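Have a look at the structure below, then the notes.
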Amino acid sequence: MVVRTRFAPSPSGFLHLGNARTALFAFLYARAKGGRFILRIEDTDQERIVAGSEASFIEDLKWLQLTWDEGPDIGGPLGPYRCSERYDIYERELKRLTKLARVYRCFCTPDQLDQDRKLLSSQKKVIKYVGRCLSISEADATKRAATEPFVWRMHVPDGAPVTIEDSIRGHVEMQREVIGDFVLSRASGVPVFLFANAVDDALQEMTHVVRGEDHLSNTFRQVLIFQTMGYKTPQFAHLPLIGAEDGGKLSKREGSLGIRDLREQGYIREGILNYLSLLGWSPGDTGKTGEKFKPEELMKLFDLDRVHKGRALFDFQKLNFLNQQHMNDLSLAELERLAPPKNSAWAPIWKDALALVRHDAHTVQELYKVEKFLGQPDYQTDNATKILKADKSKQALEKGLQYLKQSLGENKALEEGLKQSIQSSGKDLGLKGKDLYFPFRVAITGVEAGPELVPLAKILGGQEVVHRLERAIQFAG
RNA sequence: GUCCCCUUCGUCUAGCCCGGUCUAGGACACCUCCCUUUCACGGAGGUAACGGGGGUUCGAAUCCCCCAGGGGACGCCA
């Protein structure tokens with residue numbers, strides 16, 4: 001049996017941490033089992049479609065390289081892969097279902113249904129359809145259908161509980177009495193998600209349905225559809241939901257947690273994928289230390305039965321760590337491509353500059369902190385002022401500058417020259433350690449912390465280093 | 001309100017199905033030390049958890065029951 005999984009987003013939103021993780025798990029499972037991953041656009045409700053949403057999903061999924069084998073853009077043997085292009089199929093299947101189960105027209109207005117629900121709620125009863133239209137005769141219903149709007153409902157008779165054997169949650173069951181007769185298609189004739197989704201999963205031969213836990217209660221109704229229509233019920237896997245860092249709902253912060261946003265903030269796909277895979281799943285003992293996994297490794301290791309049941313809270317710190325780990329695997333050329341110099345004057349030295357700060361950066365964006373060292377240092381800050389105006393700072397810098405000029409005049413290499421100049425200056429004045437190096441560091445960069453001084457000086461060039469030392473001496477004076 | 005699901009370090013988790021090997025392991029973060037002219041990287045340590053209460057058992061994080069807390073669903077949304 002070839003495993004087939006799918007990701008079926010509604011084109012009303014965008015790819016965010018929550019649905020990206022769902023897509024990832026479905027994708028990884030298909031890959032781990034040598035199966036196929038399918039993209040289906042769930043656009044049954046035309047009113048909710050947001051322009052550009054589908055394209056945005058496709059772009060972000062492609063960026064993450066969660067590549068699909070069948071989908072709306074590339075087609076496939078069991079298409080179409082967009083719900084809006086499958087209305088004739090839903091119509092046909094609804095007609096078929098009508099002959100297999102008690103499916104009836106419901107003429108209740110939204111207002112009536114709303115009142116029913118309020119009453120039920122006040123009576124502390126299960127909120128479900130009251131069955132008002134169930135008793136309308138077929139003849140009457142047909143007659144009224146000519147002039148009144150109606151929806152199709154499927155009747156759920158009492159009986160044995162509906163059960164699901166979930167890959168993650170195990171055995172789950174629901175009493176039929178609490179399910180209620182549910183809507184299959186709207187007054188407009190368009191099927192609702194519950195029905196269309198089940199039809200699509202069946203006809204597109206999905207073997208595994210991987211989705212969020214928020215769908216769990218829908219699943220009982222869909223199982224009823226699968227069973228009465230003679231479809232093969234897929235294996236379900238309901239993923240735990242992801243919560244925000246503060247323990248609240250992720251949706252509150254959805255705006256800042258879009259995959260697109262993370263990408264713009266400088267997270268790379270390997271880091272995001274690695275982090276997301278660990279949100280609710282763990283590989284168990286892999287025989288190696290650490291939790292860094294490349295996408296290719298995940299495609300081998302992943303399995304649904306190792307998904308955790310409890311919900312996970314999103315944590316930027318771990319994302320940062322893993323992103324940094326994966327950035328370490330990138331070559332300087334790749335880093336430069338991801339973070340090109342913003343100032344064209346820095347282009348010739350940019351790669352060397354990135355090399356100085358690459359291990360310091362959690363994200364691609366953080367690489368740009370090297371700009372701070374390439375640009376003119378600011379001595380006006382409290383710390384810089386304090387260090388430059390300290391007791392022997394000015395003298396140390398003057399001595400150092402003197403040695404450096406001499407060294408450069410003799411055409412010695414800047415790296416060696418600067419190092420010796422600082423040391424000689426220290427010897428002359430009896431300075432060492434931070435008292436000696438901090439004035440030079442601050443003179444050249446403006447701050448006490450940063451990349452190694454000598455390599456940085458090499459990038460800046462002798463003339464620039466001399467210039468900065470002179471400026472610092474002037475400031476100190 | 002009703003139904004369903006969940007609950008191990010601050011966070012992500014291993015272990016749970018098949019009770020003892022768990023004085024509960026790993027990762028992130030944090031702290032300490034080493035490396036180092038600084039920060040970081042890297043290396044070595046450390047602090048830190050089985051939601052509560054009953055049972056079953058010689059023995060329970062692991063099995064059973066109750067409670068509490070959290071989440072989800074209850075739409076002519078998906």
Side-chain angles (χ1 to χ4, degrees), chain A residues 8-13 19 42-45 47-48 83 106 108-110 113-114 117 120-128 149-153 164 166 168-170 172-175 177-180 182-194 196-197 211-220 238 240-241 243 245 247 249 275 278-285 289-292 306 308-322 324 328 356-361 419 422-423 426 432-438 440-442 445 447-454:
Chain A
S10 158
S12 54
N19 52 24
E42 213 100 316
D43 58 350
T44 51
D45 185 5
E47 287 173 23
R48 296 214 332 167
C83 292
C106 172
C108 297
T109 64
L113 295 172
D114 204 38
R117 283 190 278 264
L120 254 16
S121 175
S122 69
Q123 292 174 150
K124 301 185 179 182
K125 286 183 180 166
V126 180
I127 297 174
K128 60 174 186 175
F150 66 90
V151 301
W152 286 103
R153 271 184 199 277
I164 300 168
D166 192 275
I168 297 164
R169 331 207 81 81
V172 185
E173 62 176 50
M174 174 90 83
Q175 297 298 322
E177 289 73 26
V178 301
I179 295 179
F182 56 90
V183 175
L184 295 166
S185 83
R186 296 175 254 242
S188 62
V190 175
V192 300
F193 159 81
L194 207 68
N197 182 260
R211 54 174 31 161
E213 197 191 347
D214 50 337
H215 285 285
L216 190 55
S217 45
N218 277 327
T219 304
F220 295 100
H238 288 93
L241 269 17
E245 281 179 294
K249 292 181 190 177
Y275 177 68
L278 261 18
L279 226 43
W281 171 81
S282 81
D285 185 16
T289 50
E291 293 184 329
K292 178 186 164 193
R306 289 199 59 86
H308 193 75
K309 288 178 185 168
R311 79 164 188 166
L313 266 33
F314 180 77
D315 177 23
F316 258 111
Q317 290 184 315
K318 191 151 183 177
L319 204 214
N320 283 340
F321 172 79
L322 287 170
Q324 184 178 36
N328 285 162
L356 284 182
V357 292
R358 62 171 302 164
H359 295 296
D360 204 14
K419 205 172 156 190
I422 295 175
Q423 284 168 354
K432 59 181 180 181
K434 291 183 183 178
D435 291 336
L436 172 63
Y437 283 91
F438 266 24
F440 284 93
R441 172 168 289 283
V442 171
T445 69
V447 287
E448 312 102 288
E452 281 190 81
L453 204 50
V454 171

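Just so you know, these numbers come straight off a predicted model, no measurement behind them. Throughout, a chain's letter reflects where its sequence line sits, starting with A, and its residues are numbered from 1.
Applying the side-chain contact (heavy atoms from CB on, under 4.5 Å) criterion to A:Gln324, with sequence neighbours excluded, gives A:His362. Under the salt bridge (Lys or Arg N to Asp or Glu O under 4.0 Å) criterion, A:Asp114 pairs with A:Lys118, sequence neighbours left out. Applying the salt bridge (Lys or Arg N to Asp or Glu O under 4.0 Å) criterion to A:Arg358, with sequence neighbours excluded, gives no partner residue.
Looking at heavy-atom distances under 4.0 Å, A:Gly280 makes contact with sugar-phosphate atoms alone, never a base. Nucleic acid contact for A:Asp114: none, since no nucleic acid atom lies under 4.0 Å from a heavy atom of the residue. Residue A:Ala187 is classed as a base contact, given a heavy-atom separation below 4.0 Å to a base. A:Val183 comes within 4.0 angstrom of the backbone, heavy atoms only, and of no base. Residue contacts for A:Cys83: at a heavy-atom cut-off of 4.0 Å it reaches no nucleic acid atom on any strand shown. Among the protein residues, A:Leu279 comes within range of the sugar-phosphate backbone only, with heavy atoms under 4.0 Å from sugar or phosphate atoms but none that close to a base. Using a 4.0 Å heavy-atom distance criterion, A:Thr44 is classed as a sugar-phosphate-only contact.
For B:rG72, the OP1/OP2 oxygens have no side-chain nitrogen or oxygen of A:His238 closer than 4.0 Å.
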Under 3.5 Å, which N/O atoms of the protein pair with N/O atoms of nucleotides 36-38 of chain B?
| unit_1 | atom_1 | unit_2 | atom_2 | d |
| --- | --- | --- | --- | --- |
| B:rU38 | O2 | A:Glu448 | O | 3.1 |
| B:rU38 | O2 | A:Gly450 | N | 2.8 |
| B:rU38 | O2 | A:Gly450 | O | 3.3 |
| B:rU38 | N3 | A:Arg441 | NH2 | 2.9 |
| B:rU38 | N3 | A:Gly450 | O | 2.7 |
| B:rU38 | O4 | A:Arg441 | NH2 | 3.2 |
| B:rU38 | O4 | A:Glu452 | N | 3.4 |

Between the protein and nucleotides 24-26 of chain B, which nitrogen or oxygen pairs come in under 3.5 angstrom?
| unit_1 | atom_1 | unit_2 | atom_2 | d |
| --- | --- | --- | --- | --- |
| B:rG26 | N2 | A:Glu291 | OE2 | 2.9 |

Short heteroatom pairs, N/O only, protein and nucleotides 60-66 of chain B, under 3.5 Å:
none

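In this structure, the ring of A:Tyr275 has its center less than 6.0 angstrom from the ring center of A:Phe314.
Rounded to an integer number of Å, the gap from NZ of A:Lys128 to P of B:rC4 is 14 Å. Regarding A:Lys309, its NZ atom lies at a distance of 12 Å from the P atom of B:rG15, rounded to whole Å.
Across B:rC3, B:rC76, B:rG71, the shortest atom-to-atom separation from the side chain of A:Glu213 is found for B:rG71.
No donor-acceptor pair under 3.5 Å is formed between the side chain of A:Arg117 and the backbone N or O of A:Ile127.
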